[in-house]
There are 2 protein chains.
Amino acid sequence: MIDTHAPSQNDVYLDMRNRLISGAFSPGQKLMPNRLKADYNTSASTIREILFRMSCEGFVDFQEQRGFRCPQSSEQKLLELTHLRILLECEGAAGSIRNGDVEWEAQLNASHHKLAHIESKMKSSDDITPFVTVWSRSDWEFHRTLLSACGSSLLIETHKGIYDRFRQQVVSELRTFGFRAETIPEHKAILDAALQRDIPGCTKAIEDHLRVYRDHVAGKVQGFSAG
Amino acid sequence: MIDTHAPSQNDVYLDMRNRLISGAFSPGQKLMPNRLKADYNTSASTIREILFRMSCEGFVDFQEQRGFRCPQSSEQKLLELTHLRILLECEGAAGSIRNGDVEWEAQLNASHHKLAHIESKMKSSDDITPFVTVWSRSDWEFHRTLLSACGSSLLIETHKGIYDRFRQQVVSELRTFGFRAETIPEHKAILDAALQRDIPGCTKAIEDHLRVYRDHVAGKVQGFSAG
DNA sequence: TTTTCAAGAAATCACGAAATTTTTGTATAT
DNA sequence: ATATACAAAAATTTCGTGATTTCTTGAAAA
């Protein structure tokens, strides 16, 4: 956003959404159109409109006459988000396993390869922060590809919304962005089961991958650090 | 909307949403703020903002620089909506069965009683149109109550969004609003299984209740008329 | 110290006009 | 007759303003 030209509404939308998801605002923080307009070289009305849009999707809280706020994080929210993400992701993966062709297998392989590459570098690194942005994108790319052949664009869209809100919560609660050393074998297990067309196995692998967030909430897990 | 005073933004939102769901606009029809503002005695900007909100929820289509449209109906959409509705409703019902207390049982009984009352009147009536509005509300109330004790407000909200879009599609494809004579025993089966805390049975009853829309799409069912 | 209240500051909301883009209709050329 | 170019009309998007509401501040009373 250095260009002096006014960016398109959609650019602003995408950037704001990204900032929200990646924890650029602290939970509960007020999001004021009059302040934000400076960041994008547009008017307050435009920002307001965009904030409004995002409040429907759950990325910002909105109260009439009280403006917009970055959503408060809570364990309950993360629990519900995890629960729903598991449900949608298992259903979508099952669909892809049933319908996916060789092209899908290839794409899944490719996205996992990139993800594994980054994750192995992160594992052997003290500070993961420089990787976090790329890893985030790769993790999404892998999970997105997993569902991409399920045949239901509605399921895919719904899952994306939940996935992003899940990420938003994880970032604000765990400053690791959700990366753990264990994600490496977990992602591998998902990939293998999917390529073997093993629906129950894939379902289980996805549950195992995300179960940790449920347990975290339930207070059963202490360590969340990477490495 | 006869009052000359400007209604609150939320009133307009609710009414527009209702019109969209109940088929007041034909699929593909343009939704222009400049036209619509007359219906509500507000400005075009307000209408625009509301339309934006609803585009996030999927009740209207939006294209940049091209405005808003009532969504095109398609069999594929109904299929995907049905699929997702089954998934969410089964999961939510299972949660309610696990967590629901006596109060939940009572509410479920009450909402089913009202629903059954209307449906029996509709069954013995030639023209169902006068009942359609009340029936719609009752059907929603029953299914909402079914999930109300599941413990996840996120699941409830997500389900509501899908339910409403499902209804929107059904209305535009089948002018019966989705009522069939068979819904009466189907609703009863759902109620009974839920009260017996029979999760597999309830899941199956829900699937049986909604399966007909899948089959309709697949061309396996001809008659959709009520009675 | 805590609570109440009022005045000032700040933010939100609805509105309509200006600017941009798309669509429509007509004339011209191939 | 079809296609292209151009102009007029219509619709969409953006943005600044004023009215209304909410939030903050600080002094007075309990």
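Scope of the values below: all heavy atoms of this structure, side chains included, with no hydrogens, waters or symmetry mates.
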Where along nucleotides 7-12 of chain D does protein come under 4.0 Å, by heavy atom, of base (B) or sugar-phosphate alone (S), with - for untouched nucleotides?
----SB
With salt bridge (Lys or Arg N to Asp or Glu O under 4.0 Å) as the rule and sequence neighbours excluded, what pairs involving residues 100-109 of chain A come up?
A:E105-A:R197
Contact list for residues 137-146 of chain B, test salt bridge (Lys or Arg N to Asp or Glu O under 4.0 Å), sequence neighbours left out:
B:D139-B:R167, B:E141-B:R144
Any residue meeting side-chain hydrogen bond (donor to acceptor under 3.5 Å, both in side chains) with B:H159, in chain and number order, not counting sequence neighbours:
B:E89
side-chain hydrogen bond (donor to acceptor under 3.5 Å, both in side chains) partners for B:S153, two or more places apart
A:E80
Looking at every strand, decide which applies to B:S45 at a 4.0 Å heavy-atom threshold: base, sugar-phosphate, or nothing.
base
Restricting to salt bridge (Lys or Arg N to Asp or Glu O under 4.0 Å), what partner residues turn up for B:K160, sequence neighbours left out?
B:D164
Tell me: [atom1] of [X] to [atom2] of [N], nearest whole Å?
| X | N | atom1 | atom2 | answer |
| --- | --- | --- | --- | --- |
| B:L36 | C:dA14 | CG | C1' | 17 Å |
| A:I47 | D:dT13 | CD1 | C1' | 14 Å |
| B:N41 | C:dC15 | CG | P | 8 Å |
| B:R69 | C:dT23 | CZ | C1' | 11 Å |

Taking NZ, NE, NH1 and NH2 as the nitrogens, is one of them in B:R165 or B:E57 under 4.0 Å from a carboxylate oxygen of the other?
no
